[in-house]
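To keep things clear, I will list the structure first and then write my remarks on it.
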Amino acid sequence: KTIQKQLVVTGQKAEVVHTPDGLGEILDLPRTGQALKLTTVLAAHDEPVALEIRWLGLEGLVLQWSISEPELAIRLDG
């Protein structure tokens, strides 16, 4: 029997940080020395179950945060 749980975003934090040693090269990020670190908390039945961390290069990045949407929208411009 498979039990399915729907994960929902309960929180997000976006930070511009210095790219950790080696990470920029591994992810082919520009050599600006900075990246966007997006941390997302996912929950099932009001209990946190996962932490997702995404690293993104800053060049051409457009972020859109909305009160009506639980997640940050990310797109590349240009």
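Contact check for Trp65 versus Glu71: no side-chain heavy atoms found under the 4.5 Å cut-off.
With rounding to the nearest 0.5 angstrom, the CH2 atom of Trp55 is 7.5 Å from the OG1 atom of Thr39. Rounding to the nearest 0.5 angstrom, the gap separating the NE2 atom in His45 from the CD atom in Gln6 is 9.0 Å. Separation of atoms CD1 (Ile74) and CG (Leu36) is listed at 6.5 Å; rounding is to 0.5 Å. In this structure, Arg54 CZ and Leu38 CG are separated by 5.5 Å, a value rounded to the nearest 0.5 Å. Ile53 CD1 to Lys37 NZ: the interatomic distance, rounded to the nearest 0.5 Å, is 5.0 Å. In this structure, the separation between CD on Glu52 and CG on Leu7 is 10.0 Å, given to the nearest 0.5 Å.
Not a single donor-acceptor pair under 3.5 Å links the side chain of Gln34 to the backbone N or O of Leu58.
When hydrophobic clusters are built by joining Ile, Leu, Val, Met, Phe, Trp and Tyr residues whose side-chain heavy atoms come closer than 4.5 Å, directly or via intermediates, Leu42 is not grouped with Val8. Leu63 and Leu56 fall within the same hydrophobic cluster, defined by Ile, Leu, Val, Met, Phe, Trp and Tyr side-chain heavy atoms under 4.5 Å apart, directly or through other members. Residue Val62 is not grouped with residue Leu72 when hydrophobic side chains (ILVMFWY) are merged at heavy-atom distances under 4.5 angstrom, including chains of intermediate members.
Of all the heavy atoms in Val41 and Pro48, the pair that sits closest is CG1-CB, 4.2 Å.
Around the CD atom of Glu15, the shell of radius 6.0 Å holds more than 12 heavy atoms that belong to other residues, nucleotides or ligands.
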